[in-house]
Amino acid sequence: ALRLTYLNQSSNILGETRICHTSPHCPWENSSTIHLIEVTDPDNWHTYTVNINDELANLPGVNPLEIVKINVELYDTTNGC
């Protein structure tokens, strides 16, 4: 997954966006602080763009005024995600 994490001044994670391909065994779910953007065609390369202001509308549990840093991370797991 490509993960965007939104951090406050103390570097605590307030919320995150994940561009990912999940399987039926993946425990990830959308919530007020996690937004999943599902990759529907994992066998082909696609270009994704994210407008941060628009994306934060998908995270009602995150106060945009508290965000001081955004990390862009490659995230790997073996739980079927």
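Values in this document were obtained by computation on a predicted structure and should not be read as measured data.
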Point-to-point distance, once rounded to the nearest 0.5 Å, from [atom1] of [X] to [atom2] of [Y]:
{"X": "Leu4", "Y": "Ile70", "atom1": "CG", "atom2": "CD1", "answer": "7.0 Å"}
{"X": "Ser11", "Y": "Lys69", "atom1": "OG", "atom2": "NZ", "answer": "3.5 Å"}
{"X": "Cys20", "Y": "Ile37", "atom1": "SG", "atom2": "CD1", "answer": "8.5 Å"}

Do Val39 and Leu36 sit in one hydrophobic cluster, given that two such residues count as connected whenever their side-chain heavy atoms are within less than 4.5 Å of each other, even indirectly?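 No: no chain of side-chain contacts under 4.5 Å links Val39 to Leu36.
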
In terms of hydrophobic clustering (I, L, V, M, F, W, Y; side-chain heavy atoms under 4.5 Å; direct or indirect links), are Leu56 and Val72 co-clustered?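 Yes, Leu56 and Val72 fall within the same hydrophobic cluster.
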
Can you pull the salt bridge (Lys or Arg N to Asp or Glu O under 4.0 Å) pairs that have at least one residue in residues 11-36, sequence neighbours excluded?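 Found Arg3-Glu16, Glu16-Arg18.
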
Provide the full list of salt bridge (Lys or Arg N to Asp or Glu O under 4.0 Å) pairs with a residue in residues 42-53, sequence neighbours left out, each pair given once.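 Of all non-adjacent pairs touching residues 42-53, none passes salt bridge (Lys or Arg N to Asp or Glu O under 4.0 Å).
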
For residues 45-77, which residue pairs pass the ring pair (Phe, Tyr, Trp, His ring centres under 6.0 Å) check, not counting sequence neighbours?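 Matches after skipping sequence neighbours: Trp28-Tyr75.
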
According to side-chain hydrogen bond (donor to acceptor under 3.5 Å, both in side chains), who are the partners of Asp54, at least two apart in sequence or on a separate chain?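 Asp54 satisfies side-chain hydrogen bond (donor to acceptor under 3.5 Å, both in side chains) with no other residue.
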
So, Asn51 side chain and Asn53 main chain: donor-acceptor pair closer than 3.5 Å or not?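 A pair under 3.5 Å: yes.
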
Mark yes or no for whether Ser31, through its side chain, and Thr33, through its backbone, hold a donor-acceptor pair below 3.5 Å.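 Yes: the side chain of Ser31 pairs with the backbone of Thr33.
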
One pair to check against side-chain contact (heavy atoms from CB on, under 4.5 Å): Ile19 and Val50. What are the steps and the verdict? CA-CA 10 Å; Ile19 300 174; Val50 176; 4.2 Å; yes

Is there a donor in the side chain of Thr17 and an acceptor in the side chain of Tyr6, or the other way round, less than 3.5 Å apart?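 Result is yes, a qualifying pair exists.
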
With a cutoff of under 4.5 Å between side-chain heavy atoms, which Ile, Leu, Val, Met, Phe, Trp and Tyr residues group with Ile13?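 Via sub-4.5 Å side-chain contacts, Ile13 links to Leu7.
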
Per-pair distances, 0.1 Å, donor-acceptor, side chain in residues 58-68, under 3.5 Å, sequence neighbours excluded:
residue, atom, partner, partner atom, Å
Asn58, ND2, Glu55, OE1, 3.2
Asn63, OD1, Leu65, N, 3.0

